[in-house]
Structure formats: C-alpha cells, structure tokens
2 protein chains.
Amino acid sequence: MPKARLTPASVTEAAAALVDEVGFDNLSMGLLAERLGVKTPSLYKHVTSQAELAHRIAVLAMTEAGDAIRDAIQGRSGSDALAAGAQAMRTYVREHPGRYAAANATRPTGPDDPFIPASERVLASWAAMLSGYDLDPGQEIHAMRTLRSVLHGFATLEAAGGFQIDASVDESFTWLINFIDQGLRAGAASGSDAAR
Amino acid sequence: MPKARLTPASVTEAAAALVDEVGFDNLSMGLLAERLGVKTPSLYKHVTSQAELAHRIAVLAMTEAGDAIRDAIQGRSGSDALAAGAQAMRTYVREHPGRYAAANATRPTGPDDPFIPASERVLASWAAMLSGYDLDPGQEIHAMRTLRSVLHGFATLEAAGGFQIDASVDESFTWLINFIDQGLRAGAASGSDAAR
DNA sequence: CCACTGAAGCTAACGCGATTAGCTAAAGGC
DNA sequence: GCCTTTAGCTAATCGCGTTAGCTTCAGTGG
C-alpha cells in the first residue's frame with residue numbers, strides 16, 4: 001500500500017535531519033526508514049546505497065553552507081565581511097553538525113560531481129571576502145588556506161566538544177576573528193614580512 | 001598451535017600501523033588479523049572490542065604526538081618554538097593520518113581515561129610555547145584555542161586532500177605559522193585592540 | 001622428566017545492519 | 001475502466017563484529 005510518497009530529495013532531507021540529531025556515524029538505513037515510516041529495503045527505491053545517501057547529504061550541506069556564507073557576506077566588506085562570514089559558517093556547523101561531518105567525510109566521486117561546484121562556491125565566497133583586504137596576489141592562496149584552516153579547525157573542535165570551558169567559546173571565536181582580521185590588515189598590500 | 005605471541009600492546013601497534021595505511025574507517029578486525037597471521041576471533045584474547053582497539057590507537061597517537069611536539073619545542077622559545085612545534089605536529093599527522101583520525105574520533109571514556117592526560121600533555125606544550133609571547137593572561141585561552149584551531153584545521157584539511165595544488169602546501173604552512181607568530185607578537189602584553 | 005594449569009589459537013555459530021530478489025498493489029496515463 | 005509503472009513489502013543473502021567452546025602449546029611444581 002504505497003502512501004509514503006518518498007522521493008530521493010525527501011529521503012536525503014530526512015537523512016540530513018537525522019544525522020544532525022544522532023551524529024554522522026550513527027546514521028543507519030534502519031533508523032532512517034523508521035523515521036520515514038517505511039521498511040528499510042524501501043529506501044533503496046530512492047537511493048542506491050548508504051554511501052550515496054551520505055554523499056547526497058554532503059552535497060546538501062556544502063550547498064547550504066555556501067548559501068549561508070554568501071548571504072552573510074552580502075553587502076559587507078573587510079572586517080565586517082570576515083566577521084559575518086565566519087559567524088555564518090560557525091553557526092551552520094553548530095546547527096548542522098551531522099551534515100558538516102558528512103561533507104568532511106566525502107570525496108568527489110568524479111569530475112562532474114555536484115559536490116565540486118558546491119565546494120567552489122564556498123571558496124569563492126572566502127575569496128571575495130579576502131579581496132576586501134588588498135593582499136599581495138601571491139599571498140592570497142596562503143591567506144585563503146589559513147582562513148579555511150582556522151574556521152574548519154575551530155568548528156570541528158567545537159563540534160567534537162574539544163573546548164573544555166563552554167562558557168567562553170563565543171568570546172574565543174570573536175577573538176579569533178579579530179586576530180585574523182588584524183593579521184590580514186597588517187599584511188595587506190605591503191607584502192610585509194608576513195611573507196618572510 | 002600458539003606461536004604468534006601477541007600482546008595487547010603489539011596488537012595496538014599493528015592496528016595503528018594498519019590504520020595509517022588503509023585509513024581509520026577502513027580498519028577491520030579481519031584485516032588486522034590477517035596482518036598478524038591470526039584468525040579474527042583470536043584478537044579478542046588481547047582486545048575486548050574494536051571500539052576499545054580504536055581507543056587504544058587514539059591514546060597511542062596522542063602520546064606520540066605529545067612527545068613529538070614536546071621534543072620539538074625543547075630548547076626553543078618564541079617564534080622558533082612555534083615554528084618547530086607546529087611543524088612537528090603537521091609532520092606527525094602526515095606520517096600517521098590514521099592514528100590522528102582515531103584520536104579525533106575518540107571521546108574520554110571516564111575520569112581515569114589515559115587519553116585525558118595524554119591530551120593534556122599536548123595542551124601543556126602549546127601553553128609552554130605560548131608563554132614565550134607575553135600575552136595578557138586573559139587572552140591566553142583564546143590564543144590557545146586559535147592556535148589549536150589553525151593547526152588542527154590545517155592538518156585535517158591537508159590529510160583529507162582539501163588543498164588542491166599540492167605544490168605550495170609547505171609554503172602555505174610556513175606562511176600560516178608566520179602569520180600566527182606576527183599576530184601573537186603584535187597582540188603581546190599590551191592587550192592591544194586584539195581584545196576589542 | 002612429567003603431569004597440570006592457563007593462556008592463545010582455532011572452528012563454529014550468532015546477530016545486526018546493509019543490500020538484493022521477487023512479489024503486490026496503488027497511481028496515473030490511455 | 002484497463003495497463004504499465006513503481007513504491008513498498010517480505011524473505012533471503014552477505015559481511016563483519018562478536019561469543020562460545022574446544023584444543024594445544026608453554027611453563028611450572030613435583
């Protein structure tokens with residue numbers, strides 16, 4: 001008696017919600033099926049495997065995160081853009097830890113994997129944001145990687161409960177943003193000794 | 001016909017080596033048993049479960065990383081200590097990606113988990129290193145978290161193949177270290193506007 | 001030197017979660 | 001109002017972690 005009316009998209013969305021609740025490595029086809037009011041094998045009518053499902057979640061996550069960051073940066077520049085973009089990313093990871101974990105666990109499956117453009121949109125936002133600090137062109141890639149490293153590192157450490165005293169984590173994050181901002185402005189254009 | 005002469009320690013060591021080769025999520029009891037020339041169930045004479053094995057790998061990793069960082073910092077201070085410590089950590093992760101992944105996947109199992117002191121030793125090294133920059137006491141925790149975030153973020157992104165152009169990753173890392181060093185020295189003592 | 005105990009391996013078997021095969025019936029097009 | 005398509009179901013397979021119970025070697029005390 002078909003009534004659930006599932007689609008690949010709805011299954012993916014439900015899986016993403018589930019994964020945010022129970023954690024990425026606790027995702028199971030049985031649990032997801034239960035949530036959807038369906039028996040486990042029925043899911044295979046919409047998804048070819050659990051691995052593919054995880055990959056779909058990853059693409060969804062990267063797309064959503066990209067949108068959030070882009071929206072946050074909209075209309076801002078320099079320090080404001082950095083602060084807004086970084087906060088947007090951190091917020092996304094806090095609200096969707098499972099999706100973010102899925103995104104980190106995935107590797108592009110091929111040259112036409114939609115995960116690739118989704119990732120590139122995120123990078124493009126960071127690049128746009130960095131353009132607000134007129135850095136020496138040769139340093140842009142390093143600044144980009146440094147930025148990605150701190151944000152990714154902070155978000156994952158926080159998600160993993162790596163910071164003991166919860167109280168001041170917000171404060172640490174704004175400190176971190178400010179630290180990066182100062183560094184980027186100090187190293188701007190001049191190609192100062194930051195390129196030792 | 002007992003001849004393999006395994007011990008919990010030797011099994012853990014072999015598992016750590018295996019995990020560095022095949023990746024943390026590809027660890028399986030069967031694969032490990034094969035490497036040790038033993039049948040799968042025999043491993044349970046030395047290890048209670050795969051989860052416990054993973055946890056042992058994590059403790060080993062944290063201990064080894066802690067030693068490497070401590071040794072690198074030995075006898076250095078300020079910028080030199082930062083550069084040496086950071087490089088030691090990055091090198092450890094590059095050489096032992098599976099162990100590092102195990103360490104990240106683990107949570108302390110209780111108050112007397114040896115993982116806790118092992119982690120603390122790492123933090124203590126970072127703290128010692130940071131003491132070389134006389135920061136305002138109130139900022140130390142933020143600086144520590146920022147430092148952990150960049151290093152962890154860079155290492156995991158690199159391990160995950162997150163940086164496209166391999167060529168300049170070394171350069172990016174030294175740039176990153178220098179960036180942090182500059183920021184720490186700029187924000188030292190004064191409690192400058194880095195604490196806005 | 002020999003019987004004895006205990007640990008280390010082994011084979012057989014279970015359980016759970018992912019996946020596949022094949023059946024059934026509702027839904028939408030003609 | 002038929003007919004094809006397809007979502008969902010039940011039954012069964014497979015792989016892998018884990019448990020049970022047997023067997024044999026290693027070392028010890030007599």
Side-chain angles (χ1 to χ4, degrees), chain A residues 1-60 98-99 101-107 109, chain B residues 1-60 98-99 101-107 109:
Chain A
M1 51 284 291
K3 50 192 161 205
R5 310 298 48 234
L6 298 180
T7 67
S10 70
V11 171
T12 303
E13 185 57 52
L18 177 58
V19 116
D20 283 335
E21 280 178 53
V22 304
F24 180 62
D25 1 82
N26 293 325
L27 172 62
S28 79
M29 298 302 272
L31 193 50
L32 176 58
E34 190 181 355
R35 290 297 181 91
L36 289 167
V38 140
K39 300 293 179 178
T40 307
S42 303
L43 296 175
Y44 290 83
K45 286 286 152 74
H46 309 287
V47 160
T48 70
S49 69
Q50 179 167 289
E52 191 223 24
L53 178 60
H55 190 263
R56 279 173 192 265
I57 298 172
V59 174
L60 176 66
R99 297 176 207 221
N104 290 350
T106 228
R107 287 305 97 204
T109 58
Chain B
M1 50 292 288
K3 50 190 161 207
R5 307 301 45 235
L6 299 180
T7 67
S10 70
V11 170
T12 303
E13 186 57 52
L18 176 59
V19 115
D20 284 335
E21 280 178 52
V22 305
F24 181 62
D25 359 85
N26 293 325
L27 173 62
S28 79
M29 299 302 271
L31 193 49
L32 176 58
E34 189 181 355
R35 289 296 180 90
L36 289 167
V38 140
K39 301 294 179 177
T40 306
S42 302
L43 295 176
Y44 290 82
K45 286 285 150 77
H46 309 287
V47 160
T48 71
S49 69
Q50 179 167 288
E52 191 223 23
L53 179 61
H55 191 263
R56 279 173 192 264
I57 298 172
V59 174
L60 176 66
R99 298 175 206 221
N104 290 351
T106 228
R107 286 305 97 204
T109 57

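Just so we're on the same page: letters track the sequence lines, and every chain starts at 1.
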*Mind checking S49(B) for me? I need base, sugar-phosphate or nothing, with any heavy atom below 4.0 Å counting as a touch.*
sugar-phosphate
*Could you state the atom-to-atom distance from CG of L43(A) to P of dA21(C) in whole Å?*
17 Å
*E52(A) CD to dT20(C) P: how many Å, rounded?*
12 Å
*Per V38(A) side chain, nearest of listed nucleotides dT20(C), dT19(D), dC9(D)*: dC9(D)
*Tell me which nucleotide among dT18(D), dT10(D), dA18(C) gets nearest to the side chain of S28(A).*
dA18(C)
*Taking CG from L36(A) and P from dG8(D), how many angstroms apart are they, rounded to a whole number?*
9 Å
*Which of these nucleotides, dG17(D), dT19(C), dG9(C), is closest to any side-chain atom of Y44(A)?*
dT19(C)
*Non-hydrogen atoms of S49(B) and Y44(B) that approach each other most closely*: CA-CE2, 4.1 Å
*Measure the spacing between CZ of R56(B) and CG of L53(B) and express it to the nearest 0.5 Å.*
8.0 Å
*Check the distance between dG17(C)'s P and L31(A)'s CG and give it to me in whole angstrom.*
10 Å
*Mind calculating the distance between CZ (R5(A)) and P (dA25(C)) to the nearest angstrom?*
16 Å
_Length of the CG-P vector between L32(A) and dT19(C), whole Å_ = 12 Å
*Kindly indicate whether the side chain of K45(A) and the base of dG8(D) share any N or O donor-acceptor pair separated by less than 3.5 Å?*
yes
_Please determine whether a side-chain nitrogen or oxygen atom of S42(B) lies at a distance below 4.0 Å from atom OP1 or OP2 of dC10(C)._
yes
*Start with the C-alpha distance between I57(A) and L27(A), add both sets of side-chain angles, then the distance that settles side-chain contact (heavy atoms from CB on, under 4.5 Å), and finish with yes or no.*
CA-CA 11 Å; I57(A) 298 172; L27(A) 172 62; 4.2 Å; yes
*Nearest-angstrom distance from the residue atom NZ of K39(B) to P of dT11(C)*: 5 Å
*Atom CG of N26(A) and atom C1' of dC16(C): how far apart are they, to the nearest Å?*
15 Å
*Any side-chain N or O of H46(B) under 4.0 Å from OP1/OP2 of dG9(C)?*
yes
_side chain to side chain contact (heavy atoms under 4.5 Å, CB included) partner of R99(A), the single match among V59(A), D20(A), N104(A)_ = D20(A)
*For A102(A) and A54(A), work out which heavy atoms get closest and say how close.*
CB-O, 4.1 Å
